[in-house]
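Structure first, then comments.
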Amino acid sequence: MEIVKTKFDGFCKGVSRAVTTALDSGVGTYVLGNLVHNEIVMKTISDRGLVTVGSDDEIPSGAKVIIRAHGVGKSVYERLKQKNCEIIDCTCPFVKKIHGIVSEYSSKGFHIIVFGDKNHAEVKGTIGWTNGDYTVVGENDEFDEAMLREKNAIVAQTTFSRQKLENFLKNIKKNDKKRVEIFKTICYTTIERQKEAIDIADSTDAVIVIGSKTSNNTAELLNLVSSREKECFLVSEVADLKNVKTNFKKVGIVCGASTPHELIQEVFLNMENNTEVKALNEMEEAVAKMDEQSTKFRKGQTITATISSATDEGLALYINNTKKEIVLPKEELITNAYNKDDYKDKIGEEIEVMIVGLNPVKLSEKAIAQLKEEEETIKSIEEGNTFNVTVDGFNKGGLTGKIGSYGVFIPSSQIRIGFVKDLEKYVGKTLRCKMEKIEKNERRKQIVASQRVILEAEKAERDAAKAAKEEAFFSAISVGDIIKGTVVRFAQFGAFVDVNGFDCLAHISDLSWTNIKNCGEVLELNKEYEFKILSIDTEKKKVSLGYKQLQPKPWDLVGEKYNVGDVVKGTVVRITKFGAFVEVEKGVDGLVHVSQISHEWLENPTTAVQVGQEVEVKILGIDTENEKMTLSIKALQPVPEGLERPNRQRREKNNEGHEGEEKPARERKPRREKTDDDEIREWNEGGEGGASIAELLGGNN
């Protein structure tokens with residue numbers, strides 16, 4: 001019987017560190033949970049005097065505690081610190097990384113999806129770093145899109161099935177309506193062990209898996225081998241070898257990451273007698289060397305092949321200058337709908353294909369077309385043409401994306417004009433870029449790009465066009481010009497008017513001859529009007545317009561609308577000691593002197609009229625030149641019976657006791673204070689009314 005040995009021998013680094021630390025610790029040290037999933041190792045640890053407990057509740061205050069490689073939740077650390085315990089943290093670095101990802105994205109409001117065994121210690125520890133919003137998806141679960149929230153972060157148990165994870169991720173990537181951040185956190189040694197198990201199963205008749213029944217990664221190796229339809233045997237101790245059949249020509253051996261080196265060596269020694277033992281890596285190298293010598297194939301190589309037949313699966317191609325015949329799958333042909341009958345007349349013709357996979361060799365015609373398209377795209381980019389790239393991630397330095405097989409990197413300083421603080425908001429957006437630098441070789445294909453150079457060029461172009469437009473505009477206008485403009489928006493202080501694409505301001509005080517509270521009382525948005533240019537500031541690029549300057553003043557029409565003697569209605573707008581001002585129309589008001597309010601003598605006009613009161617008045621005088629109007633209320637009212645003139649009563653009172661006597665000479669009175677009558681006289685003499693003093697202060701008749 002030939003034996004093919006695994007190249008992975010013993011613990012992985014995380015388990016090895018934890019076991020070594022435990023064995024070096026003193027008696028009475030507590031281990032939180034089984035340090036490894038292996039009974040032999042756990043017995044050794046127990047014999048050294050270490051105490052294994054299932055919960056931190058069992059650990060006394062001040063004790064020394066080992067955290068195993070699987071890790072624990074955040075709350076466990078906090079409780080141990082409260083107990084003043086000495087914590088020896090042996091959490092695997094790969095697991096620590098998952099905890100950091102989960103903690104960060106959970107705090108940002110992401111729904112955490114963990115692919116793994118919900119009962120496994122590592123998964124329990126991982127969800128202990130979330131804020132409670134998480135979903136665990138097991139290997140036997142079906143992924144449902146309903147699990148996705150608006151924002152999702154995906155991690156995997158370090159020993160999760162790589163193939164199962166890839167299948168899940170394919171379904172997730174098809175959903176472009178929700179944000180999904182994917183972190184492939186399966187440990188690289190797990191991936192390598194799983195890949196090796198498949199290779200060994202494919203090249204042998206049966207496989208022995210050395211490890212514990214309780215080990216998750218060991219169980220996954222068993223599943224992988226079984227999926228290749230090969231017999232497999234689990235050996236947890238040397239005694240289990242008696243259950244292994246010996247009628248196989250070739251047997252492979254693989255082991256779990258928590259399997260001790262001593263057990264592996266003991267199994268090998270028991271099987272090695274009279275058996276040929278080969279290391280898998282030596283066999284792989286030999287096969288690869290033979291394959292290289294016989295075919296000289298390499299991935300990405302373009303070859304010419306001859307069509308030998310057409311089947312339902314695709315075209316059978318004879319590789320020129322070799323003895324190989326390989327099937328080109330119909331999915332990899334450049335055709336809208338494959339029909340084998342269409343190729344009957346093409347048997348013997350040559351076709352150009354690309355090698356897209358090795359061991360076994362895989363061919364594609366589509367890959368050549370994609371490569372040519374990519375080459376044309378890259379050529380255009382190298383020539384300085386603009387290209388679009390969708391941002392699929394970010395790092396501390398900037399944004400990342402893909403153009404075919406090329407990675408694209410946009411530094412933070414090249415995203416836009418100005419500083420970019422939040423890079424995350426650009427994920428999923430498409431940017432217009434130009435190439436700054438390109439690397440294209442077998443090891444690295446990357447384009448360093450900039451969107452900023454495009455934005456700066458466009459801004460410079462806009463600024464130049466704006467400057468030219470402004471120069472043409474200002475050279476064509478002068479103060480006093482009448483122009484047409486469209487009202488585009490209102491502000492509290494005025495209206496902005498578009499004049500040939502240039503914003504001009506009509507201040508609210510220049511919209512109407514009367515006081516208005518807002519621009520909408522005079523103008524309508526999106527309507528064109530004529531305006532007069534009042535001022536131009538070419539340095540500040542400002543133009544002031546006037547609308548009222550093209551409209552007649554209210555007093556310009558008073559002479560045509562009103563005559564002395566007319567009776568009109570008006571509203572009392574303000575009251576002074578010498579009378580009340582009545583607005584007969586917007587912008588036109590007149591004075592009703594206190595003596596013209598009532599036939600009775602008034603000490604104060606407010607006893608007869610109030611602001612806001614509507615009154616009927618008679619026009620006594622009009623002075624359009626000085627914009628003054630004299631009005632009377634009492635002229636429209638009948639004189640009460642028996643009412644005598646106040647002046648006559650005063651004269652009669654003054655003459656009592658002086659009949660027949662010579663009137664004594666009047667003494668010179670001191671200068672008196674200015675009275676209301678004096679103010680109204682000055683108002684009249686100043687041209688602010690058409691009525692005389694006699695008319696204003698006349699008798700009741």
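Because the structure is a prediction, the values reported are computed rather than measured.
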Regarding [X] and [Y], is there a side-chain donor-to-acceptor distance under 3.5 Å anywhere?
X	Y	result
Ser106	Thr130	no
His111	Asp133	yes
Thr430	Asn388	no
Glu374	Ser405	yes

**OP:** Answer with yes or no after comparing the ring centroid distance for Phe168 and Phe115 against a 6.0 Å cut-off, counting only values under it.
**Re:** yes

Nearest heavy-atom pair of [X] and [Y]: which atoms, and what distance?
X	Y	result
Met435	Phe387	N-CE2, 3.8 Å
Ser450	Gln414	OG-OE1, 2.6 Å
Ala608	Ile597	CB-CG2, 3.7 Å
Glu365	Ile334	OE1-N, 2.9 Å
Arg432	Thr386	CB-CG2, 4.1 Å
Gly401	Val389	CA-CG2, 4.1 Å

Can any side-chain N or O of [X] pair as donor or acceptor with the backbone N or O of [Y] at less than 3.5 Å?
X	Y	value
Lys548	Ser509	yes
Asn518	Gln492	no
Gln613	Gln610	yes
Arg416	Phe419	yes
Glu521	Lys517	yes
Lys437	Val448	no
Asp510	His507	no
Asn604	Thr607	no
Thr571	Val573	no

**OP:** Fit a plane to each ring of Tyr547 and Tyr529, take the angle between them on a 0 to 90° scale, and name the class: parallel (under 30°), tilted (30 to 60°) or perpendicular (over 60°).
**Re:**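 Tyr547 and Tyr529: perpendicular rings.
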
**OP:** Could you please spell out the steps behind the side-chain contact (heavy atoms from CB on, under 4.5 Å) verdict for Ile619 and Asn563?
**Re:** CA-CA 7 Å; Ile619 299 175; Asn563 296 296; over 6 Å; no

[atom1] of [X]: more than 12 outside heavy atoms within 6.0 angstrom?
X	atom1	value
Glu461	CD	no
Tyr426	OH	yes
Lys459	NZ	no

Original post:
For the atom pair CD1 (Ile403) and CD1 (Ile378), what is the distance rounded to the nearest 0.5 Å?
Top reply: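 Rounded to the nearest 0.5 Å, the CD1-CD1 separation comes to 7.0 Å.
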
Original post:
Which pairs, with at least one residue in residues 553-576 and sequence neighbours excluded, count as a ring-ring contact (aromatic ring centres under 6.0 Å, His included)?
Top reply: none

Contacts table for residues 474-487: side-chain donor-acceptor under 3.5 angstrom, sequence neighbours left out:
| unit_1 | atom_1 | unit_2 | atom_2 | d |
| --- | --- | --- | --- | --- |
| Ser475 | OG | Glu471 | O | 3.0 |
| Ser475 | OG | Ala472 | O | 2.9 |
| Asp481 | OD2 | Ser478 | N | 2.8 |

Subject >> Within 45° cone of Tyr105 ring axis and under 6.0 Å: Lys108 NZ or CZ >> reply: yes

